[in-house]
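Quick caveat: nothing in here was measured; it's all calculated off a predicted structure.
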Amino acid sequence: MKSIEQTLKEIAAEHFPAFSYVFENWQDADAKLEKIEYPAIICVLPTGGSVGMRNGRVFDTEYLALAFLDKAPRGAEGEDNAEIYTRMKLEGWRFIECINATRQFEPLLTVPYETICERLATVVTGVLFQLTLQQQHGGCLNG
């Protein structure tokens with residue numbers, strides 16, 4: 001059974017070819033932001049999760065974050081930032097719809113997010129979605 005991270009990477013490659021994709025912790029991702037093309041999807045390493053077992057199958061649940069970012073001019077005005085984070089929020093929701101379409105996880109119906117406006121070393125704006133991905137079909141305990 002493929003990992004949650006592998007599923008997300010495949011969604012990015014298949015449905016978001018114009019986006020760079022980074023899977024990293026925040027500190028290392030921030031350092032890479034200067035070197036990538038935009039727009040970008042940052043999959044932040046899971047902060048934690050839980051593992052459960054039912055009927056001999058292991059079910060993984062991860063708490064992670066997905067950021068959808070695009071370049072912003074330094075000192076961008078509110079309307080400039082609003083256009084970028086609104087566009088990135090829509091792309092993020094489209095990504096969440098792709099996650100739901102895999103039917104590998106419990107459906108995501110409401111997802112908290114926060115805006116990112118010029119908070120990182122690279123001047124970017126976007127949206128950070130906080131996800132709890134719970135597998136619907138666990139993997140066999142013995143492989």
Side-chain angles (χ1 to χ4, degrees), residues 1-74 76 78 80-143:
M1 181 170 198
K2 66 178 126 176
S3 70
I4 291 172
E5 291 78 13
Q6 184 62 35
T7 299
L8 298 178
K9 186 176 181 178
E10 288 174 5
I11 290 170
E14 183 177 339
H15 300 282
F16 295 82
F19 282 70
S20 295
Y21 183 82
V22 175
F23 174 65
E24 205 56 81
N25 64 57
W26 262 127
Q27 184 176 354
D28 292 339
D30 194 15
K32 289 181 178 181
L33 293 180
E34 286 291 331
K35 302 171 187 150
I36 63 174
E37 297 290 320
Y38 287 90
I41 300 167
I42 311 300
C43 181
V44 182
L45 283 168
T47 58
S50 63
V51 177
M53 193 170 89
R54 290 190 314 267
N55 301 325
R57 298 182 78 73
V58 177
F59 295 81
D60 192 11
T61 299
E62 288 186 355
Y63 313 125
L64 56 84
L66 284 175
F68 294 79
L69 305 172
D70 206 351
K71 284 272 195 179
R74 187 169 298 284
D80 295 329
N81 277 318
E83 183 278 324
I84 296 169
Y85 70 68
T86 299
R87 182 168 34 89
M88 292 297 100
K89 182 172 31 174
L90 293 172
E91 293 294 342
W93 187 253
R94 194 166 68 87
F95 195 99
I96 290 166
E97 287 178 326
C98 291
I99 291 172
N100 285 338
T102 69
R103 300 191 188 284
Q104 292 182 39
F105 309 103
E106 293 296 322
L108 298 168
L109 304 175
T110 302
V111 179
Y113 70 88
E114 61 183 89
T115 56
I116 297 172
C117 294
E118 303 181 36
R119 293 193 320 204
L120 302 168
T122 301
V123 182
V124 292
T125 294
V127 175
L128 175 72
F129 290 92
Q130 314 242 352
L131 305 178
T132 299
L133 291 180
Q134 183 177 22
Q135 290 178 327
Q136 280 194 16
H137 312 287
C140 290
L141 187 57
N142 296 322

Applied to residues 40-51, the salt bridge (charged side-chain N to carboxylate O under 4.0 Å, His left out) test, sequence neighbours excluded, yields none
Can you list the residues that meet the side-chain hydrogen bond (donor to acceptor under 3.5 Å, both in side chains) rule with Lys9, with sequence neighbours excluded?
none
Taking C-beta and beyond as the side chain, do Met88 and Thr125 meet within less than 4.5 Å on heavy atoms?
no
Is there a side-chain contact between Ile41 and Val22, using heavy atoms and a 4.5 Å cut-off?
no
Residues in side-chain contact (heavy atoms from CB on, under 4.5 Å) contact with Val51, at least two apart in sequence or another chain
Val58, Asp60
Which residues share a salt bridge (Lys or Arg N to Asp or Glu O under 4.0 Å) with Glu83, sequence neighbours left out:
Arg87
Any Leu8 side-chain heavy atom under 4.5 Å of Phe23 side chain
no
Please find the pair of heavy atoms, one from Tyr38 and one from Leu33, that lie closest to each other, and give the distance.
OH-O, 2.8 Å
Can you classify the ring geometry of Tyr113 versus Phe129 as parallel (below 30°), tilted (30 to 60°) or perpendicular (above 60°)?
tilted
Considering only heavy atoms from C-beta outward, does the side chain of Val44 approach that of Leu66 to under 4.5 Å?
no
Identify, with sequence neighbours excluded, every residue that meets side-chain hydrogen bond (donor to acceptor under 3.5 Å, both in side chains) alongside Gln6.
Glu10
Residue set satisfying side-chain hydrogen bond (donor to acceptor under 3.5 Å, both in side chains) with Thr7, at least two apart, ordered chain then number -> Gln104
Any salt bridge (charged side-chain N to carboxylate O under 4.0 Å, His left out) involving residues 93-107? Give me the pairs, sequence neighbours left out, ordered by first then second residue.
Glu91-Arg94
For Gln130, give me all partners under side-chain contact (heavy atoms from CB on, under 4.5 Å), at least two apart in sequence or on another chain.
Pro112, Glu114, Leu128
Output all residues satisfying ring pair (Phe, Tyr, Trp, His ring centres under 6.0 Å) with Phe19, sequence neighbours left out; order by chain, then residue number.
Phe16
For Pro107, check side-chain contact (heavy atoms from CB on, under 4.5 Å) against everything at least two apart and list the hits.
Asn100, Leu109, Gln136
Among pairs that include at least one residue of residues 13-24, which meet side-chain hydrogen bond (donor to acceptor under 3.5 Å, both in side chains), considering only residues two or more places apart or in two chains?
Glu24-Lys32
